[in-house]
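The structure under discussion appears below in the form of structure tokens.
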Protein chains: 2
Amino acid sequence: MVQEVRSRRRGRELEEAIYQAVWDELREHGFTRLTMDGVARRAGTSKPVLYRRWANRVEMLAAAATHFLPDSETVPDAGSLRANTIAVLKVMRERMRTTGRTTMLGLLTEIAANPEANAPVIETFIGFMRKIMTEVALARAVDRGEIEEEQITTRLRTLPLELARMEFIVTGDLPDVSIEEIVDTVFLPALEARRR
Amino acid sequence: MVQEVRSRRRGRELEEAIYQAVWDELREHGFTRLTMDGVARRAGTSKPVLYRRWANRVEMLAAAATHFLPDSETVPDAGSLRANTIAVLKVMRERMRTTGRTTMLGLLTEIAANPEANAPVIETFIGFMRKIMTEVALARAVDRGEIEEEQITTRLRTLPLELARMEFIVTGDLPDVSIEEIVDTVFLPALEARRR
DNA sequence: GCTCATAAGATACAGTTCGTATCTTATATA
DNA sequence: TATATAAGATACGAACTGTATCTTATGAGC
């Protein structure tokens, strides 16, 4: 035989192939119709290989999502709280588009059913954005003297993120106009009201 | 025979029994484990009866939810925009608690997959609350001269509702403290910022 | 280069659930 | 009382889940 294929992948290599298959199946069929058989077939492997790694569908999916979403983002300082908040919301939009609406809903459903077990998933999606919001938008604004540390409450810190997430979940997207509206007519005024 | 049971219910009566069965199954097993067989068994009927009425599980569930949620609410004037907005959010909380977190997520998932077909569901859940918000909180405040019609944008009208819904979906509840925080540190300041 | 433990991949399975088809029979209506 | 309609029982194919069992490729250690 001329063809000397590496017919059996292992470890990292195999896992990458599985993640890719999950992602492709997700694009093609959506979260609700993503099956273990489908992923196994597309990845050129078999179900037991999947179940040896993850206990169930959602765990596998969460791992794939985590794998494809960057766990750090470098957002250059845009010079103002307004511009940086808009930049953060655009990062969030990209992440949500990558993940997809029904996948987000599926993960939220799983989290609702099993909060402790899914703490890492919560961290990947929600905690991460809060971190970026704090570091990229708020901390810089405090440094710059644009706002006072005391103006920032948890509610206000997460406010633009919550609105962005809700809009994406319900409408399926988050246009630039909405981002600007959230920042200009809700976030900044609410923050401003706490001055002094 | 002494016992003269109506052994075969029809129409309205049968439907009420089905809705009740859906609701009970929902309480007992949650949205993800609600099965057609289970509902049929509990309602003392059979699957074909369900499928003659609704095309699938989600449609049936949406109908049951619509059936149990009041389609009008009388919220007495509490005297101020602040108090009325809080009252509206408490109505919303009751509706969300009645529906349940995973059921909401399930319906949202279905809406995402099939927006046109589920327009009535959207109306029941989202449109209804907007209407209450407008009638109970905003219109009265305008009448009272507390705010100007021009201050109200769609974004601001739905702002407290979006925040309340997101918090309920992610955390599973909406405590009084959150309601007050939403109204006092976000909604009213954002509205105030548009004065003049 | 050989041996061997490990894990990949194939296959088959029981158990659920969905949605449908088919049939019998109770019940409202004319 | 006759008849159309729909309820309810039952059974089914199809899809999917998660597991069990088996063979065999492959990397690590000798």
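Sequence lines set the chain letters: A, B, ... in the order given, protein chains first and strands last, and positions in each chain run from 1.
One interatomic measurement links the two molecules: CZ of B:R8 to C1' of D:dA7, which rounds to 4 Å at whole-angstrom precision. Straight-line distance from the CE atom of A:M36 to the C1' atom of C:dG9: 15 Å, rounded to whole Å. Note: CD (B:E15) to P (D:dA7) measures 9 Å, nearest angstrom. Spacing between atom CD of A:E13 and atom P of D:dT26 amounts to 11 Å, rounded to whole angstrom units. Rounded to a whole Å, the CZ atom of A:R57 is 6 Å from the P atom of D:dT17. To the nearest angstrom, P of C:dT11 lies 13 Å from CG of A:D37. The distance between atom CZ of A:R42 and atom P of C:dG9, rounded to the nearest whole Å, is 17 Å. Atom-to-atom, CZ of A:R41 to P of C:dA8 comes out at 20 Å; the value is rounded to the nearest Å.
Between A:E123 and A:R130 there is no salt bridge, since none of the side-chain N atoms of the basic residue sits less than 4.0 Å from a carboxylate O of the acidic one. The residues B:D173 and B:R97 are annotated as salt-bridged, a charged nitrogen and a carboxylate oxygen being separated by less than 4.0 angstrom.
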With 3.5 Å as the limit, what N/O pairs link the protein to nucleotides 1-6 of chain C?
| from | atom 1 | to | atom 2 | distance (Å) |
| --- | --- | --- | --- | --- |
| C:dT6 | O2 | A:R10 | NH2 | 3.1 |

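A heavy atom closer than 4.0 Å to some atom of DNA chain C occurs in A:T45, A:S46, A:P48, A:V49, A:R52, A:R53, these being the qualifying members of residues 45-56 of chain A. Contacts with DNA chain D (heavy atom under 4.0 Å) in residues 25-34 of chain B: none are found.
In this view, A:E73 satisfies the salt bridge (charged side-chain N to carboxylate O under 4.0 Å, His left out) rule with no residue, not counting sequence neighbours. When the salt bridge (charged side-chain N to carboxylate O under 4.0 Å, His left out) test is applied to A:R82, the partners found at least two apart in sequence or on another chain are A:D184.
Aromatic ring orientation, B:W54 versus B:Y19: tilted (interplanar angle from 30° to 60°).
Rounded to the nearest 0.5 Å, atoms CZ (B:F31) and CZ (B:R101) are 14.5 Å apart.
Neither OP1 nor OP2 of C:dA26 sits under 4.0 Å from any side-chain N or O of B:R9.
Each of D:dG8, C:dC18, D:dC16 was ranked by its minimum atom distance to the side chain of A:T35; first place goes to D:dC16.
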Check residues 39-50 of chain A and write down every donor-acceptor pair under 3.5 Å in which the side-chain atom is one partner and the other belongs to a residue at least two apart or another chain.
| from | atom 1 | to | atom 2 | distance (Å) |
| --- | --- | --- | --- | --- |
| A:R42 | NE | A:E25 | OE2 | 2.7 |
| A:R42 | NH2 | A:E25 | OE2 | 3.1 |
| A:R42 | NH2 | A:E28 | OE1 | 2.6 |

**OP:** Go through the steps to decide whether A:R144 and A:N84 satisfy the test side-chain contact (heavy atoms from CB on, under 4.5 Å), and finish with yes or no.
**Re:** CA-CA 12 Å; A:R144 191 185 290 116; A:N84 280 331; 3.9 Å; yes
Original post:
What do the steps show when you test B:V170 against B:M166 for side-chain contact (heavy atoms from CB on, under 4.5 Å), and what is the final call?
Top reply: CA-CA 6 Å; B:V170 171; B:M166 194 71 247; 3.4 Å; yes
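B:F68 does not carry B:R95 over the face of its six-membered ring by the limits of under 6.0 Å from the centre and within 45° of the normal.
Defined by atom type and a distance below 3.5 Å, a donor-acceptor pair is present between the side-chain atoms of B:R157 and B:T134.
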